[in-house]
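Proteins get letters first, then strands, A, B, ... in listed order; numbering begins at 1 in each.
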2 protein chains.
Amino acid sequence: MADLARELGVSMTTISRALSDHHSIGPAMKQKVLKLAKKYNYQPNRLASALRKGKSQLLGIVVPYIEGRFFPSVVHGIESAASKAGYNVIICQSNEDVAQERRNLDILLSAQVAGVLVSLSRTTRDFRHFEKVRSRGLPLVFFDRVVEGENVNAVVLDDQEGGYVSTRHLLQQGCHRIAHLAGPQHLNIYKNRRQGYLDALREAGLPEDESLIIYTEMAQDQGAEALRQLMALPNPPDGVFAAGDYSALGAMQEAHRLGLQVPQDVAITGFSNETFTTITEPPITTIDQRCEEMGQAAVRLLLELIEADGRPFAPRHIALRPELLVRGSSARTEGALPSPVRDPAAKFAGNVTG
Amino acid sequence: MADLARELGVSMTTISRALSDHHSIGPAMKQKVLKLAKKYNYQPNRLASALRKGKSQLLGIVVPYIEGRFFPSVVHGIESAASKAGYNVIICQSNEDVAQERRNLDILLSAQVAGVLVSLSRTTRDFRHFEKVRSRGLPLVFFDRVVEGENVNAVVLDDQEGGYVSTRHLLQQGCHRIAHLAGPQHLNIYKNRRQGYLDALREAGLPEDESLIIYTEMAQDQGAEALRQLMALPNPPDGVFAAGDYSALGAMQEAHRLGLQVPQDVAITGFSNETFTTITEPPITTIDQRCEEMGQAAVRLLLELIEADGRPFAPRHIALRPELLVRGSSARTEGALPSPVRDPAAKFAGNVTG
DNA sequence: TTGTATGCGTTATCAC
DNA sequence: GTGATAACGCATACAA
């Protein structure tokens with residue numbers, strides 16, 4: 001910058017202002033400066049700028065890990081939205097460990113990020129480290145795995161709605177006895193999916209039957225075992241809403257083993273839109289969790305907080321509407337397959353990376 | 001820091017040195033400073049430090065996107081390795097667009113990263129923007145999609161070896177006529193996989209038969225179509241090495257449709273260890289690409305470059321050994337299933353995130 | 001519209 | 001072993 005100033009015979013102030021498009025600089029001067037900057041291949045030093053302004057163009061992300069289907073997609077959404085707004089992201093993994101989560105936050109603080117996006121580690125029970133973030137006045141948004149309470153900014157999927165639309169769909173397909181493969185109820189997502197299921201039953205005037213709800217850890221083999229158990233009932237179900245795709249898969253495989261037709265004898269739906277749900281026979285009806293939208297929504301909220309710049313801001317809780325993807329495992333009626341097959345794998349089927 | 005200095009009645013220099021564990025500070029003083037720092041909840045400002053030192057603790061990553069199975073896993077490996085070495089990563093997506101790739105590099109440069117890890121966009125034909133990086137003396141390592149030539153640091157999977165071990169495995173399983181579902185040959189990975197296939201055939205004294213090599217874009221339906229074509233030959237194959245898991249899947253499904261037994265009538269192997277390969281019936285033999293190891297190796301190499309600090313460094317080209325995962329789609333002999341089933345999905349089957 | 005002077009928080013240099 | 005001082009590159013309050 002000093003070089004440019006010398007060469008143009010002006011002060012560094014002018015250069016600085018021209019480069020940051022300050023209003024008090026004439027267009028002629030701006031052109032000259034920009035031209036010379038290009039010629040000299042000038043690269044602004046964002047560190048220095050951030051140090052001086054006390055605000056960087058960096059957002060911090062803390063996720064449990066970057067694997068599987070969910071988090072990478074959310075991160076994808078976050079990076080895209082952030083980048084569009086002129087921010088970059090620095091990403092940390094907690095590996096499901098509170099201690100690491102704490103360390104990650106410290107690092108992000110000392111990196112002077114402009115805001116933080118967090119999805120909680122599974123082992124986080126104590127939330128004091130987030131108080132530290134807030135006491136610095138640093139904008140903070142949770143996504144997916146959020147701190148409970150009204151006093152936080154958060155973006156989540158409306159799991160209850162997901163359970164509701166899945167179950168209602170099964171009812172519409174002519175199912176009269178609908179079972180539920182439930183997940184660990186101490187986790188909100190599974191509790192809410194179950195609640196949505198119950199809501200739909202109640203709305204349809206069907207009784208709540210605990211023998212139709214099987215609690216598992218959502219693994220494939222547990223789904224199979226659960227289906228076996230259900231089909232051994234005196235009055236077996238004709239529809240199954242599984243709170244996860246893996247247990248839905250296990251259930252479907254077991255149904256086939258028992259000689260049952262899916263969806264005719266038993267209709268099955270899952271949850272999460274895992275890649276494999278489109279390649280089974282039949283493909284599995286599921287709920288898309290709008291991973292990317294979640295990332296984008298989280299960034300939008302965070303940017304609002306950043307712009308608010310410390311001024312009072314009523315915390316917001318955003319619940320995204322889940323999308324039901326009707327596929328063969330549950331489509332018993334004509335015209336049950338109107339929704340586009342949003343194939344999570346389509347994009348990568350011919351992936352040059354292998 | 002100034003506060004600490006005042007409170008302890010020493011200079012900021014001393015504080016700085018104590019905090020960075022400088023040798024010229026007595027242990028007593030160090031203790032005092034550290035204690036007070038903890039009490040005041042002192043957070044170092046890495047921006048200021050980096051500005052002064054001219055080196056940040058940040059590594060830049062440029063990937064085409066953060067989706068699918070491959071890149072997230074590599075990024076996972078990168079972040080883990082970097083974090084262990086005291087570095088954090090700032091991540092950028094090129095969206096398969098050279099222009100964006102260029103912009104990403106500019107941003108990383110101006111963020112004063114200590115080094116850059118790049119996997120090329122598919123549209124990158126001109127590599128001048130990387131010259132800019134090197135002219136700044138900034139360490140640069142490519143992974144997976146790399147710039148050709150001996151003068152770059154790069155980490156890749158040994159695809160040729162992958163093709164070779166897959167084909168040899170099929171031979172060992174008693175296959176005598178082995179077909180290959182090849183990918184676009186202008187892409188190195190597919191060219192190399194095909195070459196490995198040919199190497200294994202030659203080694204076994206089998207003729208190279210172009211009618212047994214089907215070129216596709218590696219999509220599922222193309223795999224099915226290819227298998228139909230192959231089985232219609234006067235002398236159909238008894239083994240198929242597909243250069244990708246999706247085409248392997250399509251081929252296997254088509255084989256079943258034709259009433260063929262897999263692997264008895266035709267053995268099939270894929271490439272990439274996609275999540276779904278373990279849940280098909282039978283599960284699909286495939287090649288694990290060691291995504292995480294790739295990330296870790298790339299970081300190790302980058303750190304070496306950083307430590308070299310501009311001193312001459314002979315560029316290194318690291319090729320990771322692929323791992324053959326033998327599963328039911330190709331296991332025709334007793335004892336063909338010794339390798340552990342490294343299930344890419346196992347970790348997430350009961351994922352609380354849904 | 002432009003320039004001067006100062007400071008962001010940290011560390012390297014040199015002197016003591 | 002410790003301290004004073006300058007400097008990293010940029011942005012702003014204030015003056016002109």
Enquirer: At under 4.0 Å between heavy atoms, what does A:T14 touch on the DNA or RNA strands: base, sugar-phosphate, or nothing?
Expert: sugar-phosphate
Enquirer: Considering only D:dG9, D:dA7, D:dT2, which nucleotide approaches the side chain of B:S24 most closely?
Expert: D:dT2
Enquirer: For a quick check under 3.5 Å, do B:T124 and B:E101 share a side-chain donor-acceptor pair by atom type?
Expert: yes
Enquirer: Donor-acceptor pair under 3.5 Å: do we get one between A:T13's side chain and the base of C:dT4?
Expert: yes
Enquirer: D:dG9 P sits how many Å from B:L109 CG, rounded?
Expert: 15 Å
Enquirer: Locate the shortest heavy-atom distance separating B:Q112 from B:S56; write the atom from each residue and the value.
Expert: O-OG, 2.7 Å
Enquirer: Round to a whole Å and report the spacing from CD1 of B:I15 to C1' of C:dG9.
Expert: 14 Å
Enquirer: To the nearest angstrom, how far is A:Y42 atom OH from D:dC10 atom P?
Expert: 4 Å
Enquirer: Rounded to whole angstrom units, what separation is found between the CG atom of B:L4 and the C1' atom of C:dG9?
Expert: 12 Å
Enquirer: Ignoring hydrogens and angles, are the base of D:dG9 and the side chain of A:R46 linked by a donor-acceptor pair under 3.5 Å?
Expert: no
Enquirer: Judged by atom type as modelled, is there a donor-acceptor pair below 3.5 Å linking the side chain of A:Q296 to the main-chain atoms of A:G77?
Expert: no
Enquirer: Figure out the NE2/P separation between A:H22 and D:dC10, and round it to whole Å.
Expert: 17 Å
Enquirer: Report yes if some heavy atom in the side chain of B:I61 is under 4.5 Å from a heavy atom in the side chain of A:I91; otherwise report no.
Expert: no
Enquirer: Please tell me which of the listed nucleotides, D:dA13, C:dT10, D:dG9, lies nearest to the side chain of B:N45?
Expert: C:dT10
Enquirer: Scan A:S49 against the nucleic acid and name what it touches under 4.0 Å (heavy atoms): base, sugar-phosphate only, or nothing.
Expert: sugar-phosphate
Enquirer: Contact class for A:L47 vs. all strands (heavy atom < 4.0 Å): base, sugar-phosphate, or nothing?
Expert: nothing
Enquirer: Rounded to whole angstrom units, what separation is found between the NZ atom of A:K32 and the C1' atom of C:dT2?
Expert: 13 Å
Enquirer: Test B:R6 against B:D3 for salt bridge (charged side-chain N to carboxylate O under 4.0 Å, His left out), laying out the working first.
Expert: CA-CA 5 Å; B:R6 211 176 311 114; B:D3 298 348; 3.4 Å; yes
Enquirer: How close or far is atom C1' of D:dG3 from atom CZ of B:R6, stated in whole angstroms?
Expert: 16 Å
Enquirer: Counting side-chain heavy atoms from C-beta on, which of C:dG3, C:dT2, C:dG9 comes nearest to A:I25?
Expert: C:dT2
Enquirer: Which sits closer to the 5' end of DNA chain D, B:M12 or B:K53, going by the nucleotide each is nearest to?
Expert: B:M12
Enquirer: Is it the case that the base of C:dG3 and the side chain of A:R17 share a donor-acceptor contact (distance under 3.5 Å, atom types as modelled)?
Expert: yes
Enquirer: Run the numbers on B:N188 and B:E148 for side-chain hydrogen bond (donor to acceptor under 3.5 Å, both in side chains), then give the verdict.
Expert: CA-CA 10 Å; B:N188 278 301; B:E148 297 296 314; 2.8 Å; yes
Enquirer: Report which part of the nucleic acid A:G54 touches: base, sugar-phosphate, or nothing (heavy-atom distance under 4.0 Å, all strands).
Expert: nothing
Enquirer: Quick one: B:D3 CG to C:dG9 P, roughly how many Å, whole number?
Expert: 10 Å
Enquirer: For D:dC10 and A:S16 - does any side-chain N or O of the residue sit under 4.0 Å from the phosphate oxygens OP1/OP2?
Expert: no
Enquirer: Below the 4.0 Å mark, does C:dG3 have OP1 or OP2 next to a side-chain nitrogen or oxygen of A:S11?
Expert: yes
Enquirer: Taking N and O atoms by type only, does the side chain of B:R52 place a donor or acceptor under 3.5 Å from a partner on the base of C:dT10?
Expert: no
Enquirer: When we call it a touch if two heavy atoms are under 4.0 Å apart, what does A:M1 touch: a base, just sugar-phosphate, or nothing?
Expert: sugar-phosphate
